[in-house]
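Reviewing the structure listed below.
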Amino acid sequence: MCGIVGYLGERDAYPILIKGLQRLEYRGYDSAGVALLDHSTLHLYKKKGKVSDLEAEAAGKNQSGHLGIGHTRWATHGPPNDNNSHPHVSNNGKIALIHNGIIENYSSLKEALISRGFVFHSDTDTEVLVNLIEDVMNSEDLDLENAVRVALNQVIGAYAICVFSLENDRTIVTAKMGSPLVIGIGNDEFFVASDATPFLEYTKKAVYLEDGEMATINLDHGLRVRSIKDNRTIDPYVQQLQMDLASIEKGGYEHFMLKEIYEQPKAIYDTFRGRLLPDQNMIKMGGLFEYKEKFLNANRIIIVGCGTSWHAGLVGEYLFEDLARIPVEVEYASEFRYRNPVITDQDVVIAISQSGETADTLAAIKLAKEHGATIFGICNVVGSSIARETHAGAYTHAGPEIGVASTKAFTAQVTVLSLLAIEIAKMKGTLSETRYHELLEELNGIPKKMEAMLQSDSKVREISERFKDATNCLYLGRGYNFPVALEGALKLKEISYIHAEGYPAAEMKHGPIALIDENMPVFVIAPRNGQYDKIVSNIQEVKARNGKIVAIVSEGDTEIAKMSDFTLEIPDSSEAFSPLLTTVPLQLLSYHIAVMRGCNVDQPRNLAKSVTVE
Ligand code: G6P
């Protein structure tokens, strides 16, 4: 988490940094700050709160400088306040640094620095690092580049850093270990950022640093990449970015989340485009075919992920077991990695991550890899750490997801899982030719069905109005739609701060039923092709206790409609694809409730989109 941005060139750095920080705010928004180098004078502005608070702080003050660094923070060490905001400056006032990550041994380093006379003004690990660099620079008489390298060799932890010295306004030094960092290369100008969005309008040429690499950017000598460990020179791979500016703007929608909900038909279509070929009665997936034997001979599939990606993994479990008859375990990456799990070279691990940077998921992959498992990644961000760490994979092509609460990434992940499960089932012979073809046709039709559903959300608004003041909500689903219940509840609590729980509908009677009274809204996902009769009984149980029922039902359902306070209809589909449809009204419901409650839907409190800390 935390977003970092840097600029070095002919232009004024300040507006570039501010716009860049706004684009990176999804990574954290506890505080923001910039450091500008105006010849040898430092202008430092930092403020608790959003980038807009920083702009207010810097308004009317000196914003000159062609070199600058900026930071938007998701607090780890120390509360969000002005002091803990980045950039941090070393004791002699000559080095400024921004950091995304966690320095795990900061406390012992800090003690050593204090004993050498250093004074600290914040609770952060970052202030330790900048002073360590100063200490190395002075005691070993090194230039900034070499001092950074020597200092980083004493550091344990994760970082993406960007640092400059007041004595050199033509150089920025950056380094990466565990947190993402990309360098944009323009004509006589350079950009540094946590992702490429801050510099898309200036250049499409980018170098993604690998873990353990540092780069010195100098206006006279250009870019020099080296290994932090042994100072070896590394040839940077310059890639041409495909992303365009329009994809990271709101495009007329009030919020990114709403835009992304509405983009889902396209996201799903883009995800299966070129892969799902019903006319030729085939699915084409390079990553799968390359590792086909591994999948076919797998003892089991282990799916790892966090948050919404973990929910997509749960849908995957139903798909793989139901269609391909392969046993599946779905694991929270954070639990998996620390549990001493049993992993063998007969296992296939599918890692799901929108950002491709989630620290726990990345660590889970590394662990499984060490034990010989085959790792298949499902990521949205091209070139992300997880995508690079896996043996094979399939990108979701959902486009940049900016809203912190994940929407289109989820349905795109489920789409990839559907393609995989269907194709593996065909290869294993667990699916008849006819059923295979039906599934291809049906998946192909999902974007159209979704589009139709999105035409009118007035009913969702009406329901949102009715329940916007609820304090608790229950979400129930069975089978394929149990994960949707979890995802629906997560969406609501994330952005509206209403406590919500997702449950398998049949489990309700083992606990949550005690909570049901006339004030408890219960959202039941009950499409016709699920375990319909069973869920009807569960609805009756809620009704008997006066709970308020909102049911997501198949078009034309009258039976559940009679028992419910409200219904929302979805087009008919196989149970296997119903999560792609039932998720949508629940996303919209959370969105409208959050807006009605005056919440910041795109940047909910305390959350961040890319969780690069454990
Ligand atoms: C954060 C985000 C969630 C996301 C989760 C996993 O908590 O707020 O929306 O589902 O991280 O992120 P990933 O990028 O690995 O899918």
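All values below come from the heavy atoms of this structure, side chains included, with hydrogens, waters and symmetry mates left out. As the structure lists them, so they are numbered: ligands from 1, and atoms in each ligand from 1.
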query: Is a salt bridge present between Lys366 and Glu370, judged by a nitrogen-to-oxygen distance below 4.0 Å?
result: no

- prompt: Any side-chain donor paired with an acceptor under 3.5 Å for Ser385 and Glu357?
  reply: yes

Under 3.5 Å, sequence neighbours excluded: what are the donor-acceptor pairs made by side chains of residues 470-484?
unit_1: Asn472; atom_1: OD1; unit_2: His499; atom_2: ND1; d: 2.8
unit_1: Arg478; atom_1: NE; unit_2: Gln531; atom_2: OE1; d: 3.0
unit_1: Arg478; atom_1: NH1; unit_2: Asn538; atom_2: OD1; d: 2.8
unit_1: Tyr480; atom_1: OH; unit_2: Tyr318; atom_2: O; d: 3.3
unit_1: Tyr480; atom_1: OH; unit_2: Asp322; atom_2: OD2; d: 2.7
unit_1: Asn481; atom_1: OD1; unit_2: Thr582; atom_2: OG1; d: 2.7
unit_1: Asn481; atom_1: ND2; unit_2: Ser578; atom_2: OG; d: 3.0

- prompt: Val601 and Ile495: which non-hydrogen atoms are nearest, and at how many Å?
  reply: O-CG2, 3.6 Å

Under 3.5 Å, N/O to N/O: give me all the pairs between ligand 1 and the protein, one per line with atom names and distance.
unit_1: ligand 1; atom_1: 8 (O); unit_2: Ala608; atom_2: O; d: 3.0
unit_1: ligand 1; atom_1: 9 (O); unit_2: Val404; atom_2: O; d: 3.2
unit_1: ligand 1; atom_1: 10 (O); unit_2: Thr308; atom_2: N; d: 3.0
unit_1: ligand 1; atom_1: 12 (O); unit_2: Thr358; atom_2: OG1; d: 3.3
unit_1: ligand 1; atom_1: 14 (O); unit_2: Ser353; atom_2: OG; d: 3.3
unit_1: ligand 1; atom_1: 14 (O); unit_2: Gln354; atom_2: N; d: 3.4
unit_1: ligand 1; atom_1: 14 (O); unit_2: Ser355; atom_2: N; d: 2.7
unit_1: ligand 1; atom_1: 14 (O); unit_2: Ser355; atom_2: OG; d: 2.6
unit_1: ligand 1; atom_1: 14 (O); unit_2: Thr358; atom_2: OG1; d: 3.4
unit_1: ligand 1; atom_1: 15 (O); unit_2: Ser353; atom_2: OG; d: 2.6
unit_1: ligand 1; atom_1: 15 (O); unit_2: Thr358; atom_2: OG1; d: 2.4
unit_1: ligand 1; atom_1: 16 (O); unit_2: Ser309; atom_2: OG; d: 2.5
unit_1: ligand 1; atom_1: 16 (O); unit_2: Gln354; atom_2: N; d: 2.7

query: Which heavy atom in Tyr29 sits nearest to a heavy atom in Leu607, and how many Å separate them?
result: OH-O, 3.1 Å

task: Using side chain to side chain donor-acceptor pair (under 3.5 Å) as the criterion, point out the one residue from Gln354, Gln587, Glu401, Lys609 that pairs with Ser406.
output: Glu401

